[in-house]
Amino acid sequence: MKRRLLTGLALLAIISGSFITQASAVVQDEEFRSVDSMTVSEYETQIESKASNITYIEFQVEVPGESAPQTFGALGQNLTLDTAIEGAKISIEDILQAASTEDSVSKKRDSARYSLINKKLLAKDLKISSVEGKSKSKLWNTTKKMGRKEKIQTASPNSLVSDQAVTTAAAVACGTWRPNFHANIAANSTYQGQRYDQLKFAFTQGQLDQFACTGSTGFEPDLVTDNYDGLHYFGDSIIYYTSTLPYSYLDTNFGDGVDERVYTVGTYNVSALEPWLEYANYIRVGNGNTNTDRAKVVWQRNSTLFLGCFAVFGPAWCSNPDDSRKEYVWDFPLPGSFQVQ
Amino acid sequence: MKPKSWKLFWLTISLSVAFVVILVGTLLIYAAGKRGANYKCQTFAKGGDSFHVELNIPNPSWRCVIIHSTGVSTEVRIPLY
(Lines give C-alpha, C1' and ligand atoms only; values in the text may rest on other atoms or scores of the structure.)
Protein backbone atom coordinates (compact mmCIF):
# COMPACT_ATOMS: atom_id res chain seq x y z
CA MET A 1 0.00 0.00 0.00
CA LYS A 2 2.77 2.34 1.06
CA ARG A 3 4.80 1.40 -2.00
CA ARG A 4 1.82 2.07 -4.29
CA LEU A 5 1.32 5.44 -2.66
CA LEU A 6 5.00 6.30 -3.12
CA THR A 7 4.92 5.16 -6.77
CA GLY A 8 1.80 7.25 -7.35
CA LEU A 9 3.42 10.28 -5.75
CA ALA A 10 6.57 9.79 -7.83
CA LEU A 11 4.50 9.61 -11.03
CA LEU A 12 2.58 12.71 -10.01
CA ALA A 13 5.88 14.50 -9.34
CA ILE A 14 7.23 13.50 -12.77
CA ILE A 15 4.06 14.63 -14.57
CA SER A 16 3.82 17.95 -12.69
CA GLY A 17 7.59 18.39 -13.12
CA SER A 18 7.26 18.07 -16.89
CA PHE A 19 4.40 20.58 -16.84
CA ILE A 20 6.47 23.04 -14.80
CA THR A 21 9.44 22.60 -17.16
CA GLN A 22 7.20 23.24 -20.14
CA ALA A 23 5.63 26.25 -18.45
CA SER A 24 9.04 27.71 -17.63
CA ALA A 25 10.12 27.15 -21.23
CA VAL A 26 7.18 29.30 -22.27
CA VAL A 27 8.20 31.95 -19.75
CA GLN A 28 11.78 31.80 -21.02
CA ASP A 29 10.63 32.63 -24.53
CA GLU A 30 8.61 35.64 -23.53
CA GLU A 31 8.03 38.11 -26.35
CA PHE A 32 9.30 41.66 -25.90
CA ARG A 33 9.06 44.96 -27.75
CA SER A 34 11.41 47.77 -26.88
CA VAL A 35 10.88 51.28 -28.22
CA ASP A 36 13.66 52.82 -26.16
CA SER A 37 16.26 54.93 -27.87
CA MET A 38 19.61 53.41 -26.94
CA THR A 39 23.26 53.41 -27.91
CA VAL A 40 24.94 50.41 -29.54
CA SER A 41 26.69 49.38 -26.31
CA GLU A 42 23.43 49.68 -24.34
CA TYR A 43 21.72 47.53 -26.94
CA GLU A 44 24.47 44.90 -26.89
CA THR A 45 24.54 44.56 -23.12
CA GLN A 46 20.85 45.00 -22.36
CA ILE A 47 19.09 43.38 -25.32
CA GLU A 48 21.27 41.33 -27.67
CA SER A 49 23.03 39.37 -24.92
CA LYS A 50 19.72 38.45 -23.27
CA ALA A 51 17.45 37.87 -26.25
CA SER A 52 16.94 34.36 -27.62
CA ASN A 53 15.53 35.48 -30.99
CA ILE A 54 15.44 39.05 -32.33
CA THR A 55 12.89 39.48 -35.12
CA TYR A 56 13.00 43.25 -35.68
CA ILE A 57 15.70 45.91 -35.32
CA GLU A 58 15.15 49.56 -36.20
CA PHE A 59 17.97 52.08 -35.93
CA GLN A 60 18.60 55.67 -36.92
CA VAL A 61 21.60 57.43 -38.43
CA GLU A 62 21.98 61.19 -38.05
CA VAL A 63 22.85 63.03 -41.26
CA PRO A 64 24.74 66.33 -40.80
CA GLY A 65 22.71 69.30 -42.02
CA GLU A 66 19.42 67.38 -41.87
CA SER A 67 16.95 67.73 -39.04
CA ALA A 68 15.61 64.17 -39.25
CA PRO A 69 17.76 61.03 -39.07
CA GLN A 70 17.45 58.26 -41.63
CA THR A 71 15.63 55.21 -40.28
CA PHE A 72 16.68 51.64 -41.14
CA GLY A 73 14.62 48.58 -40.21
CA ALA A 74 15.43 44.87 -40.52
CA LEU A 75 12.86 42.07 -40.17
CA GLY A 76 13.56 38.35 -39.93
CA GLN A 77 14.63 35.60 -37.55
CA ASN A 78 17.66 35.57 -35.24
CA LEU A 79 18.74 39.05 -36.27
CA THR A 80 21.84 40.74 -34.90
CA LEU A 81 22.88 44.36 -35.15
CA ASP A 82 25.62 43.33 -37.57
CA THR A 83 23.11 41.67 -39.93
CA ALA A 84 20.86 44.75 -39.66
CA ILE A 85 23.83 46.97 -40.59
CA GLU A 86 24.69 44.63 -43.48
CA GLY A 87 21.07 45.01 -44.62
CA ALA A 88 21.47 48.79 -44.50
CA LYS A 89 24.54 48.58 -46.74
CA ILE A 90 22.65 46.45 -49.28
CA SER A 91 19.78 48.97 -49.19
CA ILE A 92 22.23 51.81 -49.85
CA GLU A 93 23.70 49.91 -52.82
CA ASP A 94 20.16 49.52 -54.20
CA ILE A 95 19.35 53.20 -53.62
CA LEU A 96 22.53 54.26 -55.43
CA GLN A 97 21.69 51.86 -58.25
CA ALA A 98 18.22 53.47 -58.44
CA ALA A 99 19.82 56.94 -58.42
CA SER A 100 21.80 56.04 -61.53
CA THR A 101 18.49 56.20 -63.46
CA GLU A 102 17.84 59.76 -62.22
CA ASP A 103 19.32 63.13 -63.20
CA SER A 104 22.93 64.04 -62.39
CA VAL A 105 21.96 66.39 -59.52
CA SER A 106 20.02 63.64 -57.70
CA LYS A 107 22.80 61.17 -58.44
CA LYS A 108 25.46 63.45 -56.95
CA ARG A 109 23.34 64.34 -53.92
CA ASP A 110 22.50 60.69 -53.14
CA SER A 111 26.10 59.60 -53.64
CA ALA A 112 27.44 62.18 -51.16
CA ARG A 113 24.66 61.56 -48.64
CA TYR A 114 24.92 57.78 -48.60
CA SER A 115 28.72 57.64 -48.55
CA LEU A 116 28.45 59.65 -45.32
CA ILE A 117 25.84 57.24 -43.95
CA ASN A 118 28.01 54.27 -44.98
CA LYS A 119 30.91 55.70 -42.96
CA LYS A 120 28.62 56.07 -39.95
CA LEU A 121 27.41 52.48 -40.36
CA LEU A 122 31.01 51.26 -40.46
CA ALA A 123 31.76 53.10 -37.22
CA LYS A 124 28.40 51.94 -35.74
CA ASP A 125 27.59 55.60 -35.13
CA LEU A 126 23.84 55.06 -34.77
CA LYS A 127 20.98 54.89 -32.27
CA ILE A 128 18.76 51.84 -31.90
CA SER A 129 15.15 53.02 -31.81
CA SER A 130 13.12 49.81 -31.68
CA VAL A 131 13.69 46.08 -31.12
CA GLU A 132 11.30 43.12 -31.06
CA GLY A 133 11.85 39.46 -30.36
CA LYS A 134 11.88 36.77 -27.72
CA SER A 135 13.93 36.78 -24.58
CA LYS A 136 14.87 34.47 -21.74
CA SER A 137 14.22 37.15 -19.16
CA LYS A 138 12.14 40.29 -18.88
CA LEU A 139 13.93 43.22 -20.49
CA TRP A 140 11.63 46.02 -19.48
CA ASN A 141 13.42 46.83 -16.25
CA THR A 142 16.81 47.02 -17.90
CA THR A 143 15.99 49.65 -20.49
CA LYS A 144 15.09 53.32 -20.34
CA LYS A 145 11.55 54.52 -20.87
CA MET A 146 10.63 55.20 -24.49
CA GLY A 147 11.75 58.48 -25.96
CA ARG A 148 9.03 59.13 -28.52
CA LYS A 149 7.48 62.15 -26.95
CA GLU A 150 8.75 65.28 -28.61
CA LYS A 151 6.48 67.33 -30.81
CA ILE A 152 3.79 64.62 -31.05
CA GLN A 153 0.31 66.06 -31.30
CA THR A 154 -2.26 63.53 -30.21
CA ALA A 155 -6.01 63.70 -30.57
CA SER A 156 -8.04 63.49 -27.38
CA PRO A 157 -10.57 60.65 -27.05
CA ASN A 158 -13.30 63.29 -27.40
CA SER A 159 -12.13 64.25 -30.89
CA LEU A 160 -12.79 60.69 -32.02
CA VAL A 161 -16.49 61.00 -31.24
CA SER A 162 -16.84 63.92 -33.62
CA ASP A 163 -14.46 62.39 -36.16
CA GLN A 164 -17.20 62.15 -38.77
CA ALA A 165 -17.96 65.87 -38.67
CA VAL A 166 -14.29 66.85 -38.48
CA THR A 167 -13.31 64.74 -41.47
CA THR A 168 -16.11 66.04 -43.64
CA ALA A 169 -15.57 69.64 -42.60
CA ALA A 170 -11.82 69.37 -43.05
CA ALA A 171 -12.17 67.86 -46.50
CA VAL A 172 -14.27 70.82 -47.54
CA ALA A 173 -12.50 73.65 -45.71
CA CYS A 174 -8.88 72.65 -46.19
CA GLY A 175 -6.96 72.54 -49.43
CA THR A 176 -4.67 69.96 -51.00
CA TRP A 177 -2.49 68.23 -48.44
CA ARG A 178 -1.10 65.34 -50.52
CA PRO A 179 2.57 65.61 -51.50
CA ASN A 180 3.94 65.96 -55.00
CA PHE A 181 4.99 62.61 -56.39
CA HIS A 182 8.54 62.55 -57.77
CA ALA A 183 9.47 58.97 -58.67
CA ASN A 184 8.93 55.27 -58.10
CA ILE A 185 11.74 52.89 -58.96
CA ALA A 186 11.51 49.10 -58.65
CA ALA A 187 14.22 46.59 -59.57
CA ASN A 188 16.08 43.46 -58.54
CA SER A 189 18.14 44.10 -55.42
CA THR A 190 21.91 43.79 -55.43
CA TYR A 191 21.17 41.03 -52.88
CA GLN A 192 20.17 38.02 -54.98
CA GLY A 193 16.64 36.71 -54.58
CA GLN A 194 15.25 40.02 -53.35
CA ARG A 195 13.58 43.03 -54.95
CA TYR A 196 13.24 46.64 -53.91
CA ASP A 197 11.04 49.65 -54.44
CA GLN A 198 11.84 53.28 -53.79
CA LEU A 199 9.10 55.90 -53.62
CA LYS A 200 10.08 59.60 -53.69
CA PHE A 201 7.92 62.63 -52.97
CA ALA A 202 8.06 66.14 -51.52
CA PHE A 203 5.69 68.64 -49.93
CA THR A 204 5.26 72.33 -50.60
CA GLN A 205 4.78 74.69 -47.65
CA GLY A 206 1.15 75.09 -48.72
CA GLN A 207 0.55 71.33 -48.59
CA LEU A 208 2.14 71.08 -45.15
CA ASP A 209 -0.05 73.96 -43.94
CA GLN A 210 -3.10 71.86 -44.89
CA PHE A 211 -2.10 69.19 -42.36
CA ALA A 212 -2.37 71.82 -39.65
CA CYS A 213 -5.70 72.89 -41.14
CA THR A 214 -7.11 69.35 -41.12
CA GLY A 215 -5.72 68.47 -37.69
CA SER A 216 -4.16 65.25 -38.99
CA THR A 217 -0.94 64.30 -37.24
CA GLY A 218 0.28 61.39 -39.36
CA PHE A 219 0.95 60.61 -43.00
CA GLU A 220 1.32 57.33 -44.90
CA PRO A 221 2.39 56.96 -48.54
CA ASP A 222 1.00 53.53 -49.50
CA LEU A 223 2.64 51.70 -52.37
CA VAL A 224 -0.16 49.44 -53.63
CA THR A 225 0.54 46.60 -56.06
CA ASP A 226 -1.94 44.78 -58.31
CA ASN A 227 -2.68 41.23 -57.19
CA TYR A 228 -6.11 40.77 -58.78
CA ASP A 229 -4.61 38.10 -61.03
CA GLY A 230 -2.78 36.45 -58.12
CA LEU A 231 0.53 37.42 -59.69
CA HIS A 232 2.81 39.66 -57.67
CA TYR A 233 6.30 41.00 -58.35
CA PHE A 234 7.05 41.42 -54.63
CA GLY A 235 6.99 38.62 -52.07
CA ASP A 236 4.79 38.48 -49.00
CA SER A 237 6.56 40.52 -46.37
CA ILE A 238 9.09 43.30 -46.07
CA ILE A 239 12.62 42.12 -45.26
CA TYR A 240 14.22 45.54 -45.00
CA TYR A 241 13.15 49.17 -45.16
CA THR A 242 14.70 52.59 -44.85
CA SER A 243 13.08 56.00 -44.83
CA THR A 244 14.14 59.62 -44.70
CA LEU A 245 10.77 60.56 -43.16
CA PRO A 246 11.01 61.92 -39.63
CA TYR A 247 9.36 59.79 -36.91
CA SER A 248 8.93 56.96 -39.37
CA TYR A 249 7.42 53.53 -38.75
CA LEU A 250 6.66 50.42 -40.79
CA ASP A 251 2.92 50.03 -41.14
CA THR A 252 1.13 46.77 -40.44
CA ASN A 253 -0.72 44.87 -43.19
CA PHE A 254 -3.56 44.05 -40.79
CA GLY A 255 -6.95 44.57 -42.44
CA ASP A 256 -5.52 44.79 -45.95
CA GLY A 257 -7.06 42.50 -48.54
CA VAL A 258 -5.38 40.15 -50.98
CA ASP A 259 -6.32 41.79 -54.30
CA GLU A 260 -4.13 44.81 -53.66
CA ARG A 261 -0.95 44.46 -51.62
CA VAL A 262 0.08 47.46 -49.55
CA TYR A 263 3.66 48.38 -48.54
CA THR A 264 3.95 51.42 -46.30
CA VAL A 265 6.45 53.35 -44.23
CA GLY A 266 4.68 56.30 -42.61
CA THR A 267 5.36 59.15 -40.22
CA TYR A 268 3.39 59.82 -37.06
CA ASN A 269 4.49 63.46 -36.72
CA VAL A 270 3.76 65.59 -39.79
CA SER A 271 4.80 68.77 -37.99
CA ALA A 272 8.42 67.60 -38.41
CA LEU A 273 8.09 67.41 -42.22
CA GLU A 274 9.98 70.05 -44.17
CA PRO A 275 8.88 71.78 -47.36
CA TRP A 276 10.74 71.14 -50.64
CA LEU A 277 12.77 68.32 -49.10
CA GLU A 278 12.55 65.13 -51.13
CA TYR A 279 11.54 62.18 -48.93
CA ALA A 280 12.31 58.61 -49.96
CA ASN A 281 10.87 55.30 -48.75
CA TYR A 282 12.74 52.13 -49.66
CA ILE A 283 11.44 48.62 -49.07
CA ARG A 284 13.13 45.30 -49.88
CA VAL A 285 11.04 42.18 -50.29
CA GLY A 286 11.59 38.60 -51.45
CA ASN A 287 10.82 37.66 -55.04
CA GLY A 288 7.15 37.23 -55.88
CA ASN A 289 5.66 34.79 -58.38
CA THR A 290 5.96 36.97 -61.49
CA ASN A 291 8.59 39.11 -63.19
CA THR A 292 6.29 41.95 -64.23
CA ASP A 293 3.60 43.75 -62.28
CA ARG A 294 2.19 47.24 -61.75
CA ALA A 295 1.51 49.55 -58.83
CA LYS A 296 -0.08 52.84 -57.72
CA VAL A 297 0.20 55.19 -54.76
CA VAL A 298 -2.35 56.10 -52.09
CA TRP A 299 -1.49 59.08 -49.89
CA GLN A 300 -3.18 58.95 -46.49
CA ARG A 301 -3.35 61.40 -43.62
CA ASN A 302 -4.04 60.05 -40.14
CA SER A 303 -4.77 61.06 -36.61
CA THR A 304 -3.94 59.20 -33.39
CA LEU A 305 -6.64 56.79 -32.27
CA PHE A 306 -6.55 57.85 -28.62
CA LEU A 307 -4.18 59.51 -26.20
CA GLY A 308 -1.45 57.14 -25.05
CA CYS A 309 -2.18 54.57 -27.80
CA PHE A 310 1.32 54.92 -29.34
CA ALA A 311 3.03 54.12 -26.05
CA VAL A 312 1.15 50.81 -25.70
CA PHE A 313 0.43 49.60 -29.24
CA GLY A 314 2.87 51.59 -31.43
CA PRO A 315 2.06 54.00 -34.31
CA ALA A 316 1.17 51.29 -36.86
CA TRP A 317 -1.84 50.18 -34.77
CA CYS A 318 -2.93 53.62 -33.59
CA SER A 319 -3.18 55.52 -36.87
CA ASN A 320 -6.76 56.42 -37.65
CA PRO A 321 -7.22 57.19 -41.39
CA ASP A 322 -8.81 60.64 -41.90
CA ASP A 323 -8.58 61.06 -45.65
CA SER A 324 -6.78 59.45 -48.60
CA ARG A 325 -5.93 60.31 -52.16
CA LYS A 326 -5.27 57.80 -54.89
CA GLU A 327 -2.91 58.62 -57.78
CA TYR A 328 -1.17 57.08 -60.77
CA VAL A 329 -3.41 54.01 -60.79
CA TRP A 330 -1.38 51.07 -62.12
CA ASP A 331 1.00 53.52 -63.80
CA PHE A 332 4.11 52.33 -61.92
CA PRO A 333 5.82 49.50 -63.81
CA LEU A 334 7.34 46.75 -61.67
CA PRO A 335 10.21 46.52 -62.40
CA GLY A 336 10.93 49.94 -63.84
CA SER A 337 11.06 53.62 -63.18
CA PHE A 338 8.16 56.07 -63.24
CA GLN A 339 9.08 59.71 -62.81
CA VAL A 340 7.35 63.07 -62.89
CA GLN A 341 9.54 66.04 -63.71
CA MET B 1 -5.51 55.99 4.80
CA LYS B 2 -7.61 52.81 4.86
CA PRO B 3 -10.80 52.54 2.82
CA LYS B 4 -13.95 52.30 4.95
CA SER B 5 -15.21 49.29 3.02
CA TRP B 6 -12.81 46.94 1.28
CA LYS B 7 -15.67 45.44 -0.71
CA LEU B 8 -16.59 48.85 -2.11
CA PHE B 9 -12.92 49.62 -2.72
CA TRP B 10 -12.34 46.47 -4.79
CA LEU B 11 -15.66 46.91 -6.58
CA THR B 12 -14.63 50.45 -7.62
CA ILE B 13 -11.21 49.24 -8.77
CA SER B 14 -12.74 46.33 -10.74
CA LEU B 15 -15.35 48.52 -12.40
CA SER B 16 -12.73 51.15 -13.31
CA VAL B 17 -10.42 48.52 -14.82
CA ALA B 18 -13.35 46.94 -16.70
CA PHE B 19 -14.38 50.37 -18.00
CA VAL B 20 -10.87 51.15 -19.30
CA VAL B 21 -10.54 47.67 -20.88
CA ILE B 22 -13.93 48.00 -22.61
CA LEU B 23 -13.13 51.56 -23.78
CA VAL B 24 -9.70 50.67 -25.19
CA GLY B 25 -11.07 47.43 -26.67
CA THR B 26 -13.92 49.27 -28.38
CA LEU B 27 -11.53 51.85 -29.81
CA LEU B 28 -9.22 49.15 -31.15
CA ILE B 29 -12.14 47.26 -32.74
CA TYR B 30 -13.27 50.58 -34.27
CA ALA B 31 -9.74 51.19 -35.59
CA ALA B 32 -9.43 47.69 -37.06
CA GLY B 33 -12.85 47.99 -38.72
CA LYS B 34 -12.11 51.44 -40.10
CA ARG B 35 -8.77 50.27 -41.42
CA GLY B 36 -10.38 47.40 -43.31
CA ALA B 37 -13.19 49.65 -44.60
CA ASN B 38 -10.64 52.26 -45.72
CA TYR B 39 -8.78 49.60 -47.69
CA LYS B 40 -12.02 48.49 -49.34
CA CYS B 41 -12.99 52.12 -50.02
CA GLN B 42 -9.74 52.80 -51.90
CA THR B 43 -10.53 49.97 -54.33
CA PHE B 44 -13.67 51.92 -55.39
CA ALA B 45 -11.79 55.20 -55.92
CA LYS B 46 -10.15 56.14 -59.21
CA GLY B 47 -6.92 58.01 -59.90
CA GLY B 48 -7.04 61.57 -58.54
CA ASP B 49 -10.01 60.79 -56.26
CA SER B 50 -9.84 61.46 -52.55
CA PHE B 51 -11.76 59.27 -50.16
CA HIS B 52 -12.48 58.58 -46.50
CA VAL B 53 -14.72 56.34 -44.43
CA GLU B 54 -17.21 57.34 -41.77
CA LEU B 55 -19.13 55.24 -39.29
CA ASN B 56 -22.79 55.17 -40.31
CA ILE B 57 -24.48 54.93 -36.90
CA PRO B 58 -28.22 54.70 -37.71
CA ASN B 59 -27.65 51.95 -40.24
CA PRO B 60 -24.64 50.05 -38.85
CA SER B 61 -22.12 50.16 -41.68
CA TRP B 62 -19.17 52.15 -42.95
CA ARG B 63 -19.88 54.98 -45.38
CA CYS B 64 -17.15 55.30 -48.04
CA VAL B 65 -17.19 58.86 -49.36
CA ILE B 66 -15.34 59.34 -52.65
CA ILE B 67 -14.72 62.89 -53.84
CA HIS B 68 -13.86 62.70 -57.52
CA SER B 69 -11.33 65.00 -59.15
CA THR B 70 -14.30 66.80 -60.77
CA GLY B 71 -15.58 67.76 -57.30
CA VAL B 72 -18.58 65.43 -57.47
CA SER B 73 -18.83 62.99 -54.59
CA THR B 74 -20.30 59.50 -54.39
CA GLU B 75 -20.94 57.21 -51.44
CA VAL B 76 -20.52 53.48 -51.12
CA ARG B 77 -21.83 51.55 -48.13
CA ILE B 78 -19.44 48.96 -46.74
CA PRO B 79 -20.69 46.40 -44.20
CA LEU B 80 -19.14 46.33 -40.72
CA TYR B 81 -16.28 43.82 -40.48
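Quick note on labels: first sequence line is chain A, next is B, and so on, each numbered from 1. As the structure is a prediction and not an experimental result, all values here were calculated from the model.
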- Query: Does the side chain of A:Asn320 reach to within under 4.5 Å of the side chain of B:Arg35, using non-hydrogen atoms?
  - Reply: no
- Message: Rounded to the nearest 0.5 Å, what separates atom OG in B:Ser50 from atom CZ in A:Arg178?
- Response: 10.5 Å
- Query: Can B:Lys40 and A:Asp259 be counted as an ion pair, charged N to O under 4.0 angstrom?
  - Reply: no
- When the 4.5 angstrom heavy-atom criterion is applied to B:Ser69 and chain A, the contacting part is neither
- Checking heavy atoms, do the side chain of A:Thr252, its backbone, both or neither come under 4.5 Å from chain B? both
- Message: Can you tell me which portion of B:Leu28 sits under 4.5 Å from chain A's heavy atoms? Options are side chain, backbone, both or neither.
- Response: both
- Message: Around atom CZ of B:Phe19, are there more than 12 heavy atoms from other residues, nucleotides or ligands closer than 6.0 Å?
- Response: no
- How long is the gap from CD1 on B:Ile67 to CZ on A:Arg325, to the nearest 0.5 Å? 9.5 Å
- Side chain, backbone, both or neither: which part of A:Val297 has an atom under 4.5 Å from a heavy atom of chain B? neither
- Query: If you measure from CD on A:Gln300 to NE2 on B:His52, what distance do you get to the nearest 0.5 Å?
  - Reply: 12.5 Å
- Distance col, row B:Asn38:CG vs A:Ser319:OG, nearest 0.5 angstrom, shows 11.5 Å
- Message: Would you say that more than 12 heavy atoms from the other residues, nucleotides or ligands in this model lie under 6.0 Å from the CH2 of A:Trp330, or not?
- Response: yes
- Closest non-hydrogen atom pair, B:Tyr39 against A:Val262: CE1-CG2, 3.7 Å
- Note on the structure: B:Leu27 and A:Leu305 have their tightest heavy-atom pair at O-CD2, 3.5 Å
- Item | Atom of A:Val329, atom of B:Lys46 and distance for their closest heavy-atom approach | CG2-C, 4.2 Å
- Query: Is it the side chain or the backbone of B:Asp49 that comes within 4.5 Å of chain A heavy atoms, both, or neither?
  - Reply: backbone
